[in-house]
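Naming convention: chains lettered A, B, ... in sequence-line order (proteins, then strands); numbering from 1 in each chain.
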Protein chains: 2
Amino acid sequence: MNESFKALADPTRRQILRLLREKDRTAGEIADYFNMSKPSISHHLNALKHAGLVQDERQGQFILYSLDTTVLEEVLGWFLEFTGTGKESEMHSRTESKPKQNKDKNREVD
Amino acid sequence: MNESFKALADPTRRQILRLLREKDRTAGEIADYFNMSKPSISHHLNALKHAGLVQDERQGQFILYSLDTTVLEEVLGWFLEFTGTGKESEMHSRTESKPKQNKDKNREVD
DNA sequence: TCGATATTTAAATAATTATCTAAATATATA
DNA sequence: TATATATTTAGATAATTATTTAAATATCGA
């Protein structure tokens, strides 16, 4: 989830997602939308891929990128739960954690 | 909006938001939840504040931080629009932008 | 007013991320 | 098979962000 948040924290990457929302596109096609070298775009695509936000598939000479909405909806869920717009099940989570305890440091909750 | 995304891209800051969702807290109280110096937490609080995600108010000796959900709901809106879960009004936005045009570079859309 | 407490700001450094050019890999096609 | 096209990987550098200690600011209470 942290990877997703980090991936979304960049305007270029969000724009790439917007482009892929319209339709699947090749890496080069995506790169044409930006004033940036292809390696840089490749790097951003990689970040999105590692975050699980896009998928890629080689099609001959090209590599076709497509949106994967699964993780996006997880993040959406985070916001829904957070803002209280969503299901109430988590809203009265009185798991009031205590300060300075610092146990379970590697849990990776959100 | 970019500031908000960037602010949300850090686990410490998201945890701070979680803490503030439960109740308003002072800077020191927040800092006690982390293995991190107070100046570091102050820095994170500042990032959240600049993103419009939290507000602060001095109360005597202390500074009390509180959640501001307004921007959070904007970001939620971004996801709703993006995933198509929300109102359809924006879903058929066939504003199919063309590549390599690169006009209007400073618009700050999302 | 003085000393203690709460918090931030400053300054330095470390760590991460973004970006570029050049080179490598994979595929297509003549 | 040789050449051209599409994309990524490597390596270097620049830019941004996180973190710390030390100092500054603000308020409280004796």
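By the side chain to side chain donor-acceptor pair (under 3.5 Å) test, B:H43 is found to be paired with no residue, residues two or more places apart in sequence or in another chain being considered. Every residue meeting the side chain to side chain contact (heavy atoms under 4.5 Å, CB included) condition with A:Q59, not counting sequence neighbours, appears here in chain and number order: A:E57, A:L64. Under the side chain to side chain contact (heavy atoms under 4.5 Å, CB included) criterion, A:A47 pairs with A:R13, sequence neighbours left out. Residues satisfying the side chain to side chain donor-acceptor pair (under 3.5 Å) criterion with A:S40, sequence neighbours excluded, are A:S37. Partners of B:D56 according to the salt bridge (charged side-chain N to carboxylate O under 4.0 Å, His left out) rule, which considers only residues two or more places apart in sequence or in another chain, are B:K49. By the side chain to side chain donor-acceptor pair (under 3.5 Å) test, B:E73 pairs with no residue at all, sequence neighbours left out.
The nearest whole Å value for the distance from the CG atom in B:D32 to the P atom in C:dT5 is 14 Å. Regarding B:E29, its CD atom lies at a distance of 13 Å from the P atom of C:dT8, rounded to whole Å. The distance between atom CD1 of B:I41 and atom C1' of D:dT17, rounded to the nearest whole Å, is 15 Å.
Contacts of residues 51-66 of chain B with DNA chain D (heavy atom under 4.0 Å): B:R58, B:G60, B:Q61.
Each of A:R18, A:Q15, A:R25 was evaluated against A:Y33; a single residue qualifies, A:R25, per the side chain to side chain donor-acceptor pair (under 3.5 Å) test.
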What does nucleotides 15-22 of chain C look like as a protein-contact string, B for base, S for sugar-phosphate only, - for none, at under 4.0 angstrom between heavy atoms?
-> --SSBBBB
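Identified under the ring pair (Phe, Tyr, Trp, His ring centres under 6.0 Å) test for residues 59-81 of chain A, with sequence neighbours left out: A:F5-A:W78, A:W78-A:F82, A:F79-B:F79.
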